[in-house]
Amino acid sequence: MIFLEVTQRVEADTRRAALLQLGDRLRDLATIGEMTAAASEIVGRTLHATRAGFGLIVGDVEFVDIEPDWTAPGQGSVAGRHRYDDFGNIRAPLQRGEPLVVNDVATDPRTQAEAGIWQGFAINAFVHMPVREKERTVAVFIVHDVNARVWTVDELAFLRNVADRVEVGVARVRTEELQVVLNHELAHRLKNTLAIVQSIASSTLRDVAERGPVEAFERRVLALSRAHDVLMQKSWTAAKMRSVMESVLNIQGGLDRFALDGPDLDLSPQAALSLSLLLHELATNALKYGALSARGGKVRIAWRTEEGTAPTLVLDWTESGGPPVNAPNGRGGFGSKLIRMGLLGTRQAALNYDPVGLKAEFRAPLADVQVSVH
C-alpha cells in the first residue's frame with residue numbers, strides 16, 4: 001500500500017513537471033507543427049506510451065489527419081489520414097466532445113470487431129482527447145499503447161490539460177498568422193492608395209503653371225511611399241531607423257553625401273513616417289539652399305538616446321561645405337512647418353542658421369519613437 005502511494009505521488013509529480021515543461025516549450029515555439037511535436041514527445045514519455053500525436057479532424061469526425069507523431073524506439077508512425085469508421089463504432093464520444101478511451105481493443109465492444117486492425121498498428125489501448133472549437137471537435141490529441149492498460153482518471157486529466165494548452169498555443173499561432181496576412185493586405189492597399197493619390201494629383205494639377213508646389217507634393221508622397229516600403233518588410237509593425245533614412249535620402253540623389261551615425265533603433269510606424277517626412281524636407285532645403293547645393297557639401301546625421309526621467313531620442317542634422325547660410329525671412333511654407341514640428345509633432349526642434357551650415361536638433365520621447373515591447 002505504501003509502495004503504491006509513493007508510486008502515485010511520483011507519477012503525479014512527473015505529470016506536473018511535464019505540464020510546466022510543456023508551458024515553457026509552447027511559449028518559445030512559433031509553428032503549429034513544432035508545438036504538436038513537442039507536446040507529443042512530452043506526453044509519450046510522461047505516460048510511458050508507445051506513440052503520441054496530434055490529429056486534425058475532417059468533417060463530422062469522419063477522418064483524422066495525424067501529423068508526424070512521437071514514437072517509442074522500435075515503433076512505427078501512423079501519420080496520415082485515417083477513416084474512423086474503419087476502426088469500429090468510435091465516433092460518437094468525439095462528436096459529443098468527450099474523450100474516446102479504450103483500455104483494450106480486443107474486449108471493448110466498440111473496437112472488438114476491428115481489434116486486428118488496431119493490433120496491426122501495434123495498438124492495444126488508446127485515448128483520443130478532443131480539441132473543440134465553436135462546439136465542434138476540430139482536432140484530437142492521441143496516445144497509443146502497445147499493451148492493454150487502464151487509463152487512470154489522473155492520466156486523462158493530464159491529457160485534457162495538455163490538449164487545452166496545445167489548443168491555446170495553436171490558436172495563438174493562427175491569430176498571429178492571420179494578423180500577418182491582414183497586415184500585408186493593408187500594406188498593399190495603402191501602397192496602392194498612395195499611388196492613386198499621386199496619380200490623381202498629377203492629373204488634376206497637370207495644367208498648373210507653377211510646377212514647384214506640385215513637384216514638392218509628389219516628392220512628399222514618394223517619401224511616405226519609401227518609408228512604407230521599409231515598414232512592409234516587418235508587416236507594418238516596425239522599421240529600422242537606418243533603413244528609413246537611407247530609403248528617403250536616396251531620393252535626393254544618393255547617400256554618398258550623407259554621413260549617418262547612431263544606433264539602429266526599431267521605429268514604430270508613426271515614427272518611421274514622421275522621420276521620413278522630416279528628413280525629406282531637410283534634404284530638399286539642403287539641395288536648394290544649403291550644403292547639398294554645392295559640389296563639396298556634406299550632411300551629417302547623428303542620433304543618440306539620452307537617459308533621464310523620460311528617455312529621449314536626440315537627432316542632429318549638421319550641414320557643411322555649402323554656401324553661407326541665412327535665416328529665412330518670414331514663417332516659410334509647408335516644408336518649414338514640417339521641420340519646426342520636429343519628430344512626431346513634438347515641436348522640439350532647435351534650428352541654428354550658422355553661416356557655415358544649418359545645424360538642427362530634434363527631440364522626441366524614446367517611448368513614442370520605438371516599438372512597444374509587451
Side-chain angles (χ1 to χ4, degrees), residues 215-234 238-306 312-328 332-344 346 348-364 366 369-370:
E215 291 169 359
F217 171 77
E218 290 177 343
R219 285 195 298 270
R220 284 167 184 147
V221 173
L222 180 58
L224 283 176
S225 179
R226 291 294 179 88
H228 168 274
D229 290 341
V230 176
L231 284 165
M232 274 190 68
Q233 295 172 14
K234 288 195 174 183
K240 287 293 185 183
M241 188 165 184
R242 187 175 290 269
S243 294
V244 172
M245 289 182 166
E246 291 175 351
S247 183
V248 172
L249 296 174
N250 252 324
I251 302 173
Q252 311 296 343
L255 295 172
D256 56 321
R257 304 180 71 182
F258 294 94
L260 307 181
D261 181 20
D264 202 6
L265 305 176
D266 280 322
L267 301 182
S268 69
Q270 295 85 351
L273 295 175
S274 175
L275 177 64
S276 67
L277 285 175
L278 176 63
L279 292 181
H280 171 74
E281 297 303 330
L282 287 166
T284 298
N285 285 349
L287 274 169
K288 288 182 178 179
Y289 319 110
L292 300 183
S293 67
R295 185 180 296 274
K298 298 281 186 180
V299 175
R300 182 175 184 270
I301 307 172
W303 62 98
R304 64 190 185 279
T305 58
E306 288 186 354
T312 302
L313 173 69
V314 183
L315 185 145
D316 293 312
W317 172 282
T318 306
E319 298 182 24
S320 61
V325 173
N326 297 308
F334 179 70
S336 298
K337 290 179 182 177
L338 276 177
I339 293 172
R340 288 196 300 271
M341 286 175 65
L343 279 169
L344 290 167
T346 60
Q348 295 186 48
L351 305 178
N352 177 13
Y353 293 95
D354 190 307
V356 232
L358 173 67
K359 296 178 182 178
E361 181 187 88
F362 304 94
R363 291 175 168 267
L366 192 59
V369 170
Q370 286 190 293

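A donor-acceptor pair under 3.5 Å is absent between the side-chain atoms of Arg340 and the main chain of Ala349, judged by distance alone. Judged by distance alone, the side chain of Glu281 and the main-chain N or O of Ile339 form no donor-acceptor pair under 3.5 Å. Panel note: side chain Ser247, backbone Ser243; no donor-acceptor pair is recorded below 3.5 Å. The backbone N or O of Lys240 sits nowhere less than 3.5 Å from a side-chain atom of Asp264 that would complete a donor-acceptor pair. Although no hydrogens or angles enter the test, the distance criterion places a donor-acceptor pair under 3.5 Å between the side chain of Lys298 and the main chain of Asp256. The closest donor-acceptor contact from the side chain of Ser274 to the backbone of Ala271 lies at 3.5 Å or more, if one exists at all.
A 4.5 Å side-chain heavy-atom check between Val299 and Leu249 finds every atom pair outside the cut-off. Contact of the Pro323 side chain with the Tyr289 side chain is not registered, since no non-hydrogen atoms from C-beta on lie closer than 4.5 Å. Using a 4.5 Å heavy-atom threshold, the side chains of Leu315 and Leu275 count as touching. Leu313 is not listed as a side-chain neighbour of Phe362, based on a closest heavy-atom distance of 4.5 Å or more.
Remark: Trp303 CH2 to Glu361 CD distance equals 15.0 Å, nearest 0.5 Å. Ile301 contributes atom CD1, which lies 9.0 Å from atom CE of Met241 (distance to the nearest 0.5 angstrom).
The two residues Gly342 and Leu278 come nearest to each other via the heavy atoms C-CD2, 4.4 Å. Closest approach of Ala286 to Glu319, counting heavy atoms only: CB-OE2, 3.6 Å. Residue Leu358 comes nearest to Val325 through the heavy atom pair N-CG2, 3.9 Å, listed as atom of the first residue, atom of the second, then distance. Smallest separation of non-hydrogen atoms from Val244 and Ala239: CG2-CB, 3.8 Å.
Heavy-atom contacts from other residues, nucleotides or ligands closer than 6.0 Å to NZ of Lys359 number 12 or fewer.
The one candidate from Arg300, Arg304, Arg363 that meets the salt bridge (charged side-chain N to carboxylate O under 4.0 Å, His left out) condition with Asp316 is Arg304.
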